[in-house]
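No experiment lies behind these values; they were computed from the predicted model shown.
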Amino acid sequence: MKIADIRAENRDIRYECDEIICHVLNTDRAGLLMRLHTELEDDRYECIMHGLTCLKSGEPLQYILKKAPFFNRDFYVEDGVLIPRYDTECLVELSLDVLKNKSTFADICCGSGCIGITLLCENDGLFGALLDISPKALKVSGINSERFGVEKRCSISHFDVMKKAFWDTLGKFDVILSNPPYIPSGDIPTLSKTVLREPIIALDGGEDGMDFYKKIIEYSTGHFNDKVNIIFEIGYDEGEKMRALASSFGLLCEIRRDMNGCDRVALLNER
Ligand code: GLN
């Protein structure tokens with residue numbers, strides 16, 4: 001079998017098909033085009049076919065390729081961690097701004113580590129605590145911290161947002177940031193087949209999607225070096241709910257929009 005034949009059979013998924021071929025052949029697009037008409041070795045052919053079968057069954061391309069681009073870096077990902085989203089780059093940009101003259105942050109529900117690790121890469125004066133309940137997330141964050149050479153500036157630990165006992169072990173930070181699960185439980189069944197391959201615990205934010213925000217705001221009291229400084233990613237339709245929640249805790253709330261004009265990031269501060 002030749003690459004040209006595989007591509008012809010998968011015209012409707014040309015981009016994903018090419019990505020899988022490049023991954024298996026460990027080459028780029030130019031390399032792929034040069035080999036279009038050479039016969040593939042059996043094992044490589046099998047690997048490509050396996051990848052295409054997984055893709056067609058709804059497995060996200062990023063899990064097949066074991067990587068996802070985020071803020072100009074390829075993060076390692078695998079089945080069991082949330083795939084970094086382009087939308088989240090907005091949170092990173094804002095956090096970099098807020099952390100300009102500061103030195104410590106906690107990234108709560110760190111997942112693949114894409115947020116915290118990007119911050120450490122972009123600002124070498126920072127130290128971060130990356131926290132997650134999922135052992136898989138901690139493993140993947142560890143791999144990424146080493147991939148980008150920031151492992152000496154971060155701690156990666158098991159953490160349950162909902163349990164006060166975990167908070168009691170936590171120190172103080174300049175900023176606490178988080179992209180927690182925030183999709184209302186009732187909306188989970190409406191997600192696409194591909195998104196549903198991702199860990200539900202990274203998506204399901206409880207009845208109104210706000211469970212994690214509430215706990216983080218409540219329990220983070222006393223965990224700031226100076227004033228309360230929280231940065232959250234929020235759902236496109238959660239701006240109003242977040243304003244109300246912040247105000248119920250007596251906090252100021254500023255909502256920023258993403259590139260698509262959707263509410264995406266909330267900055268919470270003391271009055
Ligand atoms: N933005 C993600 C999605 O739409 C949700 C991520 C999250 O819940 N933190 O799939």
Side-chain angles (χ1 to χ4, degrees), residues 1-89 92 110-118 121-122 132 134-151 156 179 188-203 259-260:
M1 187 65 107
K2 296 173 180 150
I3 292 174
D5 303 325
I6 300 176
R7 288 178 107 213
E9 278 170 19
N10 293 283
R11 269 198 201 95
D12 50 332
I13 46 166
R14 168 67 51 91
Y15 171 76
E16 291 85 352
C17 176
D18 282 1
E19 287 285 307
I20 290 171
I21 296 171
C22 287
H23 177 65
V24 172
L25 301 186
N26 193 21
T27 187
D28 58 11
R29 215 181 145 68
L32 176 150
L33 294 174
M34 264 163 47
R35 286 183 233 181
L36 274 182
H37 301 288
T38 46
E39 205 63 38
L40 280 167
E41 297 92 336
D42 286 349
D43 54 341
R44 289 184 151 175
Y45 172 69
E46 293 300 329
C47 272
I48 293 168
M49 283 304 154
H50 176 69
L52 287 168
T53 305
C54 293
L55 186 80
K56 288 171 189 169
S57 80
E59 184 164 345
L61 179 65
Q62 295 91 334
Y63 286 164
I64 298 169
L65 303 178
K66 299 271 189 286
K67 65 177 182 185
F70 186 77
F71 223 88
N72 291 328
R73 295 179 181 85
D74 270 339
F75 278 77
Y76 175 79
V77 291
E78 60 181 47
D79 185 29
V81 288
L82 190 79
I83 297 166
R85 309 283 204 261
Y86 180 60
D87 299 333
T88 303
E89 294 191 356
V92 169
C110 65
S112 64
C114 65
I115 298 172
I117 291 167
T118 301
C121 290
E122 296 288 323
D132 205 288
S134 149
K136 180 60 82 71
L138 300 176
K139 175 193 134 181
V140 170
S141 285
I143 293 172
N144 282 319
S145 71
E146 282 173 22
R147 171 176 290 192
F148 300 113
V150 297
E151 71 279 6
I156 299 173
N179 173 20
I188 298 287
T190 68
L191 300 174
S192 74
K193 185 169 96 174
T194 308
V195 173
L196 287 172
R197 288 292 187 100
E198 297 184 76
I200 300 297
I201 61 159
L203 297 167
M259 298 270 280
N260 300 318

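- Considering Ile64, Thr194, Leu65 as possible partners of Leu55, the one that fulfils the side-chain contact (heavy atoms from CB on, under 4.5 Å) test is Ile64.
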Worksheet item: Can you check side chain to side chain contact (heavy atoms under 4.5 Å, CB included) on Val150 and Asn144, steps first, answer last?
Response: CA-CA 9 Å; Val150 297; Asn144 282 319; over 6 Å; no

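- No side-chain donor-acceptor contact under 3.5 Å links Glu198 to the backbone of Leu82.
- Nearest heavy-atom pair across Leu196 and Pro189 is CD1-O, 4.5 Å.
- When atom types are taken as modelled, the side chain of Asp132 and the backbone of Leu138 share no donor-acceptor pair closer than 3.5 angstrom.
- At a threshold of 4.5 Å between non-hydrogen side-chain atoms, the residues Arg197 and Ser57 count as touching.
- Annotation: side chain of Asn72 is not in contact with side chain of Thr118 (no heavy-atom distance under 4.5 Å).
- Residue pairs meeting the salt bridge (charged side-chain N to carboxylate O under 4.0 Å, His left out) criterion with at least one member in residues 61-81, sequence neighbours excluded, are Arg73-Glu122, Glu78-Lys136, Glu78-Lys139.
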Identify all side-chain donor-acceptor contacts of residues 30-54 below 3.5 Å with residues at least two apart in sequence or on another chain.
residue : atom : partner : partner atom : Å
Thr38   : OG1  : Arg35   : O            : 2.9
Glu39   : OE2  : Met1    : N            : 2.3
Thr53   : OG1  : Met49   : O            : 2.8

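- Across all non-hydrogen atoms, the minimal contact from Val81 to Tyr63 is O-OH, 2.5 Å.
- With Val140 as the partner, the side-chain contact (heavy atoms from CB on, under 4.5 Å) test is satisfied by one option alone out of Cys114, Ser145, Ser112: Ser112.
- Rounded to the nearest 0.5 angstrom, Asn179 CG and Thr88 OG1 are separated by 4.5 Å.
- Aromatic ring orientation, Phe70 versus Phe75: perpendicular (interplanar angle above 60°, classes split at 30° and 60°).
- In this structure, CG on Asn260 lies 8.0 Å from OH on Tyr86, to the nearest 0.5 angstrom.
- Here the shortest heavy-atom pairing between Gly111 and Ser141 reads O-OG, 2.8 Å.
- Within the structure, the side-chain hydrogen bond (donor to acceptor under 3.5 Å, both in side chains) test picks out the following pairs touching residues 3-32 (sequence neighbours left out): Arg7-Asp18, Asn10-Lys56, Asp18-Arg29.
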